Structure formats: C-alpha cells, structure tokens
Amino acid sequence: MSTGDVTQQIEFSDNHLLIELVGPQDKHILRIEQRLGVNIALRGNHVAITGTEAEVTYASKALLYLYQKLQKQQMVDIAEVDSAIHHASHTYLPEDMKVKAEKSVLTTTAEPSQRLHGEVSIQTKKRIIFPRTQRQSHYIQAMQEYDMVFGIGPAGTGKTYLAVAAGVSLLLSGKVDKIILSRPAVEAGEHLGFLPGDMREKVDPYLRPLYDALNDMLSPEQVVKMIAGGEIEIAPLAFMRGRTLTNAFVILDEAQNTTPMQMKMFLTRLGSNARMVINGDLTQIDLPRGTTSGLQEAMRILNGIDDIDFTLFTDEDVVRHPLVSKIVKAYDRDSNTNG
C-alpha cells in the first residue's frame, strides 16, 4: 500500500449476486482493478478496495451500480463493467451510499432497493430499464410528463434506445394505441429511387437502429406481429406528410438531417393523446452545405415553450464502449480548434 492509500470495506447482503458481480474467473473485478488502479480483495461477502481516495470512491460506486443492476435481474457483462467504470465519476450517489473516512478505512454497506437515480425507470416486456446518468434520468422523466421532448446530443447517449423503451412501455400499458418510428432516409432528401427492392427493402437499412432497439425489449415474434398489426409503424419521414397522429407515441430519429420545412411538417402532425420525441446530434448533420438543419432551427424557435422539454446530452452521457466517449471528445476538440 502506498502512502496516502485508503481501504474501503463493502458488505454485500446476497452472496449469489456477489458471485455474478465478481464475474467468471474474477474478470469483472480484474477489469476494475486494471482500469482504476485499485486493489480489490474478497473475503466472504466483504470486498476490500485499496487505492487513493478518489480511485477507491470511483471503484466502489462502479461496484454498487453493478450490484444494483443484478438486484433488478439485469445482465452484467464486461461492457456493463466498462460503462460503470466510465460513469463512476459522474453519476449521482445517494447520501446513504457515500463513504466516510475513519482512520483511513472507508466503510459502507450495499443493501437492496438503493437506487442511483431515484425511482425513475421504464418497464418493457423483457426488462426494467434504469437510467445510467442524471441526464438520462431527466430524459426518461420528461418523456413520462411532456407531450413533446427533444433529446439532443452525441452518439451513444441512449437517446433512441430510451425513447423506444418509453414507447414500448406506453403501448404495453394501453396508454397509446401505436408506436410510430421515423427518420430521414438517405440524407434529408430521402432519395430512395436508386436503391434496389420495394419500398420496405429500400427503407429498412436506414431504420435498423430502431429495429434493434425494439428487438431488445420485445421478442422477435412480438415485433413482427405488432408491425403486421399496425401497432408499430416504421416509416421514413416523407410518409408523415398530410397525417394527423393521434393516440400514438411518435419518435423522429436523426432529426438533425431534416430541413426546416420537414421539421415543421413533422411537429404539426401532433394529434390528441399523442406524444413526440425528437432526437438528433447536431455534430453529425449530413445536409447539403448551406442548408439549415431543421433540428437546429426548432431549438431556436421553440426554446422557452413551457410544454416542450429539451434534454441536452454531453459526452459524459455516452454509454457505449468507453472509447466512444473519447472519440466524441476528440472530434469536439478538433471542431473547436479548426472551426
């Protein structure tokens, strides 16, 4: 132990969950040790973490977060471990989980029902989905309370995934009659004619992220059945023109690639008992040079309307591979440097 190091003892109440937390061949613990530079020792249902106070705090928060997922019967794999490590220094930690120093020995106990982000969650057929960051928590709560929500930020922040989850939850509970998923296809102009196949075959590749999110929350058979029955509709943005969308949860993905006219057209489709979620990343606009993004203009025009929520994600909310967050930061630095 180096000078200045501290040790934190964590007692876990469920030995079976602790085994899953540690991982096969202790690979989850080894990953945390490697990434954070701590030493972790196991004795019975106690885990001792040794390192600098900051390193120990981050490691303990990561372990508590992963343990909580296991309590909720959610899967923990090496990707989840990486995500927990990455967000350990940013996530909210309830007061009763915070560590207290006493003779350089830090102690806390992990008990059931402690939540990192309050009670907010989304119930789907396959799983209960909890937010991983404070902004995700705000985003989920906004989708539950507002009729129109904008989720704006970099790739990997869960904008599309959480929106689809919210839609599935409302559909399964009978609060809406259908989910409508849309996005601009092949840039904003939606030039589909040169692609082979019928309209479904032309559009499907550009809507694949929406299918992937659906399949993570419903069985493949349910997805096929609901699409065939009209409970789930997946269509390019151009198909929204002239419609009034009622009793529906409507998601517009990749909204940065809409023109101002397309965005206005989409937003004015909102009908009774309908909710809209508009997602986009203003750093990935594929519109022709000189064309204003409809998402950018909507943010300017609609900002300040009380009944519309804007959730602005940052690279700290990236929940994919930790390298994605570094890539986002690198591109942001380059953009700021080179204009």
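Side-chain atoms are counted along with the backbone in the values below, which use heavy atoms only and exclude waters and symmetry mates. Only a predicted model underlies this, so the values are computations on that prediction, with no experimental measurement involved.
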Asker: Indicate whether any N or O donor in one side chain lies under 3.5 Å from an N or O acceptor in the other, for Ser83 and Glu80.
Answerer: no
Asker: Of Val164, Val168, Ile227, which is the lone residue that meets side chain to side chain contact (heavy atoms under 4.5 Å, CB included) with Ile179?
Answerer: Val168
Asker: Will you find, in the side chains of Gln256 and Ser293, an N or O donor that is under 3.5 Å from an N or O acceptor?
Answerer: no
Asker: State whether a side-chain donor-acceptor pair under 3.5 Å links Tyr161 with Asp216.
Answerer: yes
Asker: Hydrogens and angles aside, do Thr246 and Ser272 bring a side-chain donor and acceptor to less than 3.5 Å of each other?
Answerer: no
Asker: Between the side chains of His28 and Asp77, is a donor N or O closer than 3.5 angstrom to an acceptor N or O?
Answerer: no
Asker: Does either side chain, that of Gln134 or that of Gln136, offer a donor lying less than 3.5 Å from an acceptor on the other one?
Answerer: no
Asker: Check whether Lys159 reaches the backbone of Gly153 with its side chain - one donor and one acceptor, N or O, closer than 3.5 Å.
Answerer: yes
Asker: Is the CG atom of Asp307 crowded by more than 12 outside heavy atoms at less than 6.0 Å?
Answerer: no
Asker: When rounded to the nearest 0.5 angstrom, what is the spacing between CZ in Phe249 and CG in Leu170?
Answerer: 6.0 Å
Asker: Does the side chain of Asn279 pick up a donor-acceptor pair with the side chain of Tyr139 at under 3.5 Å?
Answerer: yes
Asker: Would you compute the distance between atom CZ of Arg269 and atom CE of Met240 and round it to the nearest 0.5 angstrom?
Answerer: 10.0 Å
Asker: Do Ile152 and Phe313 come close enough that some side-chain heavy atom pair is under 4.5 Å?
Answerer: no
